[in-house]
Structure formats: structure tokens, C-alpha cells
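By convention here, the first residue in the shown sequence is residue 1.
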Amino acid sequence: MLRQIPIGYRIEYGRAVIDEKEAEVIRSVFRYYLEGMTLTGISEKTGIGNSHGGIIAILTKRRYLGDGFYPAIVDAETFGRAAAERERRMKKLNRGNLFKSRPPRAVPSEFFFAEEAQENAAEEDTPARRAERLYGRIRIVNIKENTHGQR
């Protein structure tokens with residue numbers, strides 16, 4: 001089943017309201033995480049079923065602080081402590097480099113068409129074949145690196 005309403009809420013008369021049973025699961029995720037439980041352990045204990053990805057999604061979903069549509073399930077202090085704990089764990093496991101920016105890639109700055117090769121006359125000339133031939137002739141020039149590449 002595709003769920004579009006976040007865990008912990010339900011819609012009543014067009015408004016989001018807290019589903020207390022599910023909201024308690026969300027609160028327990030934060031509580032267990034702050035007590036030092038692993039993501040997999042939290043997943044198993046709460047029965048959410050998504051080990052790492054699902055638990056991290058809950059811990060980082062700012063919607064649980066409340067917004068214009070969804071009421072708050074966790075308070076800002078708990079949410080902030082969980083974010084700090086996540087950062088601490090990432091540094092401890094040397095995973096802080098996952099979010100560092102990568103050097104920018106060179107952006108192609110010029111395109112040109114290579115000489116068209118002789119086509120096999122027996123080949124059927126369909127729009128798809130013509131497009132394939134045209135796109136196959138595109139070459140990319142990166143002025144900064146002065147290199148030629150094939151698309």
C-alpha cells in the first residue's frame with residue numbers, strides 16, 4: 001500500500017490530526033535513539049520494518065516538529081538532540097565525509113557535429129534511425145580542459 005500521509009498522522013475532515021498509536025511509535029524512535037539503541041534495534045523493537053533508511057527518515061523529518069498542516073509530535077529539543085546524536089555517531093564511525101561536497105565537474109561548453117559516415121543503403125530509414133545517426137554525430141568540447149569527448 002502506498003502511504004502518502006506520514007506515520008503518526010491521519011486525515012480527518014481535510015485536516016491532519018495526530019494518530020496517537022502511531023505517534024507513540026514515532027516518539028519511541030526518538031527516545032530509543034537518544035538512549036543509544038542502534039537503527040536496526042529500533043526498527044526491530046518498534047516493528048517499523050525499514051531498518052536504517054526508515055528510521056533515519058523519521059529522525060530527520062522536520063514535519064514531526066509541526067508545520068502549517070501537520071501538528072507537532074516531537075518537541076524541538078528532542079529533535080535537536082537526535083540530530084546532534086546522529087552527527088556524533090557519524091563522526092565516531094568516520095561517516096561524516098558522506099555529505100562533503102565533491103569538486104565540480106567540468107561542464108561541456110561547446111557542441112559540434114562530426115562528419116557523417118556513409119550509411120548502409122540497405123538499412124531502413126526510419127525516424128528512430130535518423131535520430132540515432134544525428135545524436136551519434138554529436139561531439140562535446142570542453143574549452144576549460146580543451147578535450148574532445150563523445151556523447
Side-chain angles (χ1 to χ4, degrees), residues 1-113 124-145 147-151:
M1 178 175 107
L2 180 61
R3 183 182 177 99
Q4 296 183 6
I5 306 298
I7 298 172
Y9 300 103
R10 69 177 182 272
I11 303 297
E12 286 184 5
Y13 305 108
R15 297 179 60 148
V17 296
I18 294 175
D19 180 323
E20 279 303 325
K21 184 177 179 182
E22 289 183 358
E24 187 50 42
V25 172
I26 298 301
R27 292 181 193 109
S28 65
V29 166
F30 280 88
R31 184 174 61 252
Y32 294 147
Y33 190 72
L34 291 172
E35 290 172 357
M37 192 177 283
T38 65
L39 299 174
T40 304
I42 295 169
S43 174
E44 291 170 358
K45 189 159 185 165
T46 59
I48 289 178
N50 298 337
S51 60
H52 296 90
I55 301 302
I56 290 297
I58 290 170
L59 292 170
T60 58
K61 191 170 288 197
R62 299 191 63 79
R63 181 168 293 142
Y64 291 125
L65 290 170
D67 59 22
F69 186 73
Y70 292 98
I73 290 179
V74 296
D75 59 81
E77 180 188 350
T78 301
F79 191 88
R81 287 180 37 228
E85 175 64 13
R86 182 167 182 251
E87 189 173 324
R88 185 194 70 77
R89 290 185 190 192
M90 286 175 46
K91 285 180 182 174
K92 182 179 177 184
L93 296 171
N94 197 23
R95 293 190 179 152
N97 61 351
L98 294 177
F99 300 106
K100 289 183 181 174
S101 62
R102 296 180 177 153
R105 292 184 180 182
V107 178
S109 51
E110 187 178 325
F111 298 91
F112 70 94
F113 281 102
E124 184 181 351
D125 193 30
T126 64
R129 292 268 187 209
R130 286 193 300 267
E132 186 178 311
R133 276 197 313 275
L134 264 176
Y135 283 111
R137 291 177 47 211
I138 295 176
R139 301 293 180 263
I140 300 170
V141 177
N142 187 322
I143 292 175
K144 185 176 180 180
E145 295 179 3
T147 59
H148 295 273
Q150 189 172 17
R151 181 174 177 199

Study note, to complete from the structure: Per side chain to side chain contact (heavy atoms under 4.5 Å, CB included), Tyr64 is matched among Ile7, Leu59, Thr78 by Ile7

For [X] and [Y], work out which heavy atoms get closest and say how close.
{"X": "Ala82", "Y": "Tyr33", "value": "O-CE2, 3.6 Å"}
{"X": "Val25", "Y": "Ser28", "value": "O-OG, 2.7 Å"}
{"X": "Tyr70", "Y": "Ala16", "value": "CD2-CB, 3.6 Å"}
{"X": "Gly8", "Y": "Glu22", "value": "N-OE1, 2.9 Å"}
{"X": "Ala72", "Y": "Ile18", "value": "O-CD1, 3.3 Å"}

So how far is it from [X] [atom1] to [Y] [atom2], rounded to the nearest 0.5 Å?
{"X": "Ile55", "Y": "Phe30", "atom1": "CD1", "atom2": "CZ", "answer": "10.0 Å"}
{"X": "Glu24", "Y": "Ile73", "atom1": "CD", "atom2": "CD1", "answer": "10.0 Å"}
{"X": "Arg86", "Y": "Leu39", "atom1": "CZ", "atom2": "CG", "answer": "8.5 Å"}
{"X": "Lys21", "Y": "Arg10", "atom1": "NZ", "atom2": "CZ", "answer": "12.0 Å"}

Check your understanding: Is Arg88 atom CZ crowded by more than 12 heavy atoms from other residues, nucleotides or ligands, each under 6.0 Å away?
Key -> yes

Point to revise | Residues in side chain to side chain donor-acceptor pair (under 3.5 Å) contact with Glu20, at least two apart in sequence or another chain | key: Arg27

Practice item. Apply side chain to side chain contact (heavy atoms under 4.5 Å, CB included) to the pair Arg62 and Phe79, showing each step before the final yes or no. Key: CA-CA 8 Å; Arg62 299 191 63 79; Phe79 191 88; 3.5 Å; yes

Point to revise | Under 3.5 Å donor-acceptor, Tyr9 side chain and Pro71 backbone | key: yes

Review point. Does Arg89 come within less than 4.0 Å of Glu85, counting only side-chain N to carboxylate O?
Key: yes

**Study point:** Ile48 side chain reached by Ile58 side chain, heavy atoms, under 4.5 Å
**Key:** yes

